[in-house]
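What follows is a set of notes on a single structure, which appears directly below.
Proteins come first, then strands; the chains are lettered A, B, ... in the order of their sequence lines, and each starts at number 1.
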Number of protein chains: 2
Amino acid sequence: MVSQTRPRRRADAERSIARIVAAARARLTEDPDATIDAIAAEAGVGRMTLYGHFKTRADLVEAALSAALEAGEAVLAGVDLEGDPQEALDRLLASSWSLVAESAALLEAAQGVLPSGRLRELHADPAKRVEDLLRRGQREGVFRTDLPLPWLVSVIQYVLHGAAEQLRAGNLTEANVAETAVATVNAVLRPPA
Amino acid sequence: MVSQTRPRRRADAERSIARIVAAARARLTEDPDATIDAIAAEAGVGRMTLYGHFKTRADLVEAALSAALEAGEAVLAGVDLEGDPQEALDRLLASSWSLVAESAALLEAAQGVLPSGRLRELHADPAKRVEDLLRRGQREGVFRTDLPLPWLVSVIQYVLHGAAEQLRAGNLTEANVAETAVATVNAVLRPPA
DNA sequence: CTTAACTCGTATATTCCCGTACGAGATAAA
DNA sequence: TTTATCTCGTACGGGAATATACGAGTTAAG
């Protein structure tokens with residue numbers, strides 16, 4: 001998964017990096033412009049330690065985004081995408097909606113600091129998995145075919161991102177946010193009358 | 001419409017202000033963190049001239065947001081919202097989707113610099129108009145009632161904002177963006193089977 | 001135990017942006 | 001034409017954030 005360029009790395013360094021990346025994911029998700037200071041503080045490490053592992057801000061953002069996408073991949077890999085596409089999508093969203101929402105937020109955070117090519121490259125694999133499922137659903141007549149596929153994928157992201165936002169704002173609750181998001185996505189994908 | 005605190009203001013000042021506000025709307029819509037320099041440059045005016053009319057960044061953002069919302073109000077006021085709610089909404093979106101998308105973007109830009117109370121206050125009127133239409137549609141059985149009304153309003157914003165974004169990215173074209181956005185919104189509001 | 005790796009504080013350079021001050025020149029309004 | 005307003009350049013100060021430099025103390029690994 002992670003590039004193993006340096007064969008020797010001490011255990012505490014490994015731990016620090018993990019905590020920094022976790023902090024970056026958390027912090028950047030709720031504020032795309034979060035300071036390096038803030039991330040270091042949330043990770044419980046000195047700012048200089050952080051710079052020891054990530055020379056530039058872009059490095060850190062990319063690491064956070066990669067970690068989130070890898071986590072997403074791991075979850076997606078564990079979901080059964082066979083059978084009825086509608087139910088498969090429900091399963092997928094139920095188990096990964098928050099991760100997808102996080103990825104979308106990080107993607108936005110990375111928009112400015114990473115070259116757009118690198119961005120698309122990182123995001124290609126997870127997007128493709130959703131895309132394939134939607135395509136199969138379209139073939140089987142379960143999902144609408146009158147709108148561009150990439151648009152449908154984007155709308156799913158917008159909805160999940162929005163759901164996370166409304167949850168933070170207190171307009172949705174932990175109890176109903178997943179249900180609401182899933183119902184909305186299903187409505188978007190349903191073929192028109 | 002606009003407060004007339006200063007009875008005497010020269011015509012060229014009036015013109016400058018108009019150009020600055022227009023530039024702010026355009027610039028902030030596509031980059032919420034746009035620099036005052038950039039806005040002044042796009043307005044074709046010196047930075048100091050800008051400061052002559054807007055003492056602080058918040059003032060400028062608020063002016064831009066107000067202008068966009070007023071423009072939206074003007075358009076909304078000209079749309080016939082009576083009759084079948086579904087068709088009324090289609091009319092409304094067709095004639096104002098880009099303005100709503102712009103307002104959403106500016107709203108996001110203003111999130112950090114304006115007190116949230118002032119923000120809600122500015123946004124209350126236009127939002128209410130859409131909300132009323134949706135409510136009427138719900139009563140008449142045209143729109144779904146199983147999801148919270150504020151959520152539906154938010155989703156409309158997300159979709160329109162996303163459509164504008166995809167248009168900028170080149171994934172949608174001028175020709176199909178409105179149609180796509182409207183179809184998506186209709187799908188969201190349609191009662192479930 | 002010895003070494004190399006890691007942590008982390010302070011200090012500093014740099015950059016970017018906001019906002020203010022001053023003042024000279026251009027222009028609209030009377 | 002006279003006057004007040006407006007434009008706009010240059011310059012300055014402050015603040016925040018990124019990134020580097022140096023060095024002393026701490027800790028894992030052999």
Contact state string [nucleotides 8-19 of chain D, B base, S sugar-phosphate only, - no protein heavy atom under 4.0 Å]: BBBB-----SBB
I'd like to compare against my own output: the B/S/- annotation of nucleotides 25-30 of chain D with a strict under-4.0 Å heavy-atom distance to protein. --BSS-
Provide, to the nearest angstrom, the distance between the [atom1] atom belonging to [X] and the [atom2] atom belonging to [N].
{"X": "A:Ile17", "N": "C:dA5", "atom1": "CD1", "atom2": "P", "answer": "14 Å"}
{"X": "B:Glu14", "N": "D:dT5", "atom1": "CD", "atom2": "P", "answer": "15 Å"}
{"X": "B:Phe54", "N": "D:dC6", "atom1": "CZ", "atom2": "C1'", "answer": "14 Å"}

Using only atom types and a distance under 3.5 Å, with no angle test, would you say the side chain of A:Arg144 pairs donor to acceptor with the backbone of A:Gln138?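 A pair under 3.5 Å: no.
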Tell me whether the OP1 or OP2 atom of D:dC6 has a side-chain N or O from B:His53 closer than 4.0 Å.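 No, outside the criterion.
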Distance-only criterion, 3.5 Å: show the donor-acceptor pairs between side-chain atoms of residues 97-105 of chain A and protein atoms not counting sequence neighbours.
residue  : atom : partner : partner atom : Å
A:Glu102 : OE1  : A:Arg25 : NH2          : 3.3
A:Glu102 : OE2  : A:Arg25 : NE           : 2.9
A:Ser103 : OG   : A:Leu99 : O            : 3.0

Check the pair A:Val188 / A:Ile156 against side-chain contact (heavy atoms from CB on, under 4.5 Å), numbers first and verdict last. CA-CA 8 Å; A:Val188 169; A:Ile156 293 178; over 6 Å; no
Filter on side-chain hydrogen bond (donor to acceptor under 3.5 Å, both in side chains), then keep only pairs touching residues 105-129 of chain A, sequence neighbours left out; what's left?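 Output for this query lists A:Glu62-A:Arg118, A:Glu73-A:Arg129, A:Arg118-A:Glu121, A:His123-A:Gln157, A:Lys128-A:Asp132.
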Answer yes when A:Arg10 and A:Glu14 have at least one side-chain N-carboxylate O distance shorter than 4.0 Å, and no when they do not.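 Here A:Arg10 does not pair with A:Glu14 in a salt bridge, since their nearest N and O are not under 4.0 Å apart.
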Can you list, pair by pair, the side-chain donor-acceptor contacts under 3.5 Å of residues 176-184 of chain A, counting residues two or more places apart and other chains?
residue  : atom : partner  : partner atom : Å
A:Asn176 : OD1  : A:Thr173 : N            : 2.9
A:Asn176 : OD1  : A:Thr173 : OG1          : 3.1
A:Thr180 : OG1  : A:Asn176 : O            : 2.7
A:Thr184 : OG1  : A:Thr180 : O            : 2.8
A:Thr184 : OG1  : B:Trp151 : NE1          : 2.9

So, using salt bridge (Lys or Arg N to Asp or Glu O under 4.0 Å) as the criterion, who are the partners of A:Arg190 when residues are at least two apart?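 Here no residue qualifies.
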Considering all heavy atoms of both residues, which atom of A:Ala24 and which atom of A:Leu60 are nearest to each other, and what is their separation?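 Between these two residues, the closest heavy atoms are CB-CD1, 4.0 Å.
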